[in-house]
Amino acid sequence: MRYLGIDWGEKRWGLSYGDEIGIATPLEAIVNPELEEKWVCLTQLVEQRRIESFVVGYPLNMDGSVGFKAKEVDQFITQLELQCPSLPIHRVDERLTSHTAGLSWTAKQKRQKRKSGKLDSSSAAIILQDYLDQLNLCGDGALDMDEEEYGSLG
């Protein structure tokens, strides 16, 4: 199975790739300011890498509730379903992934890596790696946050 991890943001979409080997690797982030161009880049990547499933970071509040940012990600996921209707999408709790991704970087490095999208793609790799690790522990699809689960949080 070929997975594309996504750390969605208004300005940048961090991306990562993983497969049956079980290792998530950061990819170049999509930083194009035009939304249509972002979708073109994403669909081309899906075709080139023969992606079979998406793993999208879901930004729950620290108390586990669904907040404003999670609702924005829901809108992104709705559009992703329209762009790639045959591919499953898995939501994964992404709390603190950006913080974790930047732990070893100085403040200046974080600013540079955020602007380039490297921090976002590092976050996407953490999100995807969490998912892949859970698959190895629990079996296929064991940690998906389905609509009932995340819908009841808000």
Side-chain angles (χ1 to χ4, degrees), residues 1-61 64-98 100-101 113-154:
M1 180 73 73
R2 293 180 187 91
Y3 298 93
L4 184 67
I6 303 174
D7 181 24
W8 178 86
E10 291 178 49
K11 295 180 181 180
R12 294 169 299 277
W13 298 354
L15 303 173
S16 62
Y17 174 79
D19 57 21
E20 58 277 344
I21 294 173
I23 298 172
T25 306
L27 300 174
E28 187 173 331
I30 298 175
V31 296
N32 192 309
E34 299 296 324
L35 184 58
E36 279 188 42
E37 288 299 316
K38 285 180 181 175
W39 284 111
V40 168
C41 290
L42 185 71
T43 54
Q44 286 175 346
L45 181 65
V46 167
E47 289 176 19
Q48 290 168 352
R49 295 238 176 203
R50 299 187 323 251
I51 297 301
E52 299 171 281
S53 187
F54 295 106
V55 176
V56 179
Y58 199 66
L60 296 171
N61 292 327
S65 64
V66 174
F68 180 73
K69 282 295 178 193
K71 290 177 183 175
E72 288 181 343
V73 170
D74 286 334
Q75 292 173 350
F76 168 76
I77 288 172
T78 297
Q79 188 62 37
L80 185 58
E81 289 170 333
L82 293 172
Q83 296 287 330
C84 303
S86 63
L87 299 180
I89 301 170
H90 310 279
R91 288 172 175 85
V92 173
D93 182 0
E94 70 163 33
R95 286 179 278 184
L96 298 177
T97 55
S98 292
T100 302
K113 292 188 186 290
R114 165 116 12 232
K115 191 173 183 179
S116 70
K118 289 182 181 178
L119 182 62
D120 303 281
S121 288
S122 292
S123 295
I126 292 169
I127 292 163
L128 181 54
Q129 191 64 59
D130 285 349
Y131 182 82
L132 295 172
D133 290 348
Q134 288 297 317
L135 285 179
N136 287 334
L137 292 174
C138 303
D140 191 31
L143 74 134
D144 290 348
M145 295 178 63
D146 61 21
E147 282 191 38
E148 288 179 30
E149 189 175 356
Y150 78 84
S152 67
L153 297 173

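Positions are given from 1, in the same order as the sequence printed here. Just so we're clear, the structure is a prediction, and the values are computed from it rather than from any experiment.
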Checklist entry - Do Leu80 and Trp8 have side-chain heavy atoms sitting under 4.5 Å apart? => result no
Next on the checklist: Just verifying a value: how many Å separate Leu27 CG and Asp120 CG, rounded to the nearest 0.5 Å?
Outcome noted: 13.0 Å
Pair up each side-chain donor or acceptor in residues 35-44 with any protein partner under 3.5 Å, not counting sequence neighbours, and list the distances.
from: Lys38; atom 1: NZ; to: Glu10; atom 2: O; distance (Å): 3.0
from: Lys38; atom 1: NZ; to: Lys11; atom 2: O; distance (Å): 3.0
from: Thr43; atom 1: OG1; to: Trp39; atom 2: O; distance (Å): 3.0
from: Thr43; atom 1: OG1; to: Val40; atom 2: O; distance (Å): 3.1

Checklist entry - Sequence neighbours excluded, which residues qualify as side chain to side chain donor-acceptor pair (under 3.5 Å) partners of Glu72? => result Lys69
Checklist entry - What pairs of residues pass the salt bridge (charged side-chain N to carboxylate O under 4.0 Å, His left out) test when at least one of them lies in residues 45-55, not counting sequence neighbours? => result Arg2-Glu52
Checklist entry - Are any of the side-chain heavy atoms of Ile30 and Leu15 separated by less than 4.5 Å? => result yes
Next on the checklist: Side chains of Val92 and Val56, heavy atoms from C-beta outward: is any pair under 4.5 Å?
Outcome noted: no
Item to check | Derivation of the side-chain contact (heavy atoms from CB on, under 4.5 Å) call for Ile51 and Leu45 | outcome: CA-CA 8 Å; Ile51 297 301; Leu45 181 65; 5.6 Å; no
Next on the checklist: According to side chain to side chain donor-acceptor pair (under 3.5 Å), who are the partners of Asn61, at least two apart in sequence or on a separate chain?
Outcome noted: Ser65
Checklist entry - Does the side chain of Arg91 come within less than 4.5 Å of Asp74's, by heavy atoms? => result yes
Checklist entry - Hey, are the side chains of Pro59 and Val73 touching, using non-hydrogen atoms and a 4.5 Å cut-off? => result yes
Checklist entry - Shortest non-hydrogen contact from Tyr17 to Leu128? => result C-CD2, 3.5 Å
Checklist entry - Do Ser53 and His90 come close enough that some side-chain heavy atom pair is under 4.5 Å? => result yes
Item to check | Gln134 and Asp130 side chains, donor-acceptor separation under 3.5 Å | outcome: no
Kindly list each side-chain donor-acceptor pair under 3.5 angstrom involving residues 19-26, sequence neighbours excluded, with atom names and distances?
from: Asp19; atom 1: OD1; to: Ile21; atom 2: N; distance (Å): 3.0
from: Glu20; atom 1: OE1; to: Met1; atom 2: N; distance (Å): 3.0

Checklist outcome for this item: For Ala124 and Ser16, the nearest pair of non-hydrogen atoms, with its separation, is O-OG, 2.9 Å
Checklist entry - What closest approach, in Å, do Leu60 and Val66 show between heavy atoms, and which atom pair accounts for it? => result CD2-CG2, 3.9 Å
Next on the checklist: Could you measure the distance from the CD atom of Glu81 to the CD atom of Gln83? Nearest 0.5 Å is fine.
Outcome noted: 11.5 Å
Checklist entry - Which heavy atom of Val55 sits nearest a heavy atom of Ile127, and at what distance? => result CG1-CG2, 4.0 Å
Checklist outcome for this item: Heavy-atom nearest pair, Gly14 first then Ala29, reads CA-CB, 4.2 Å
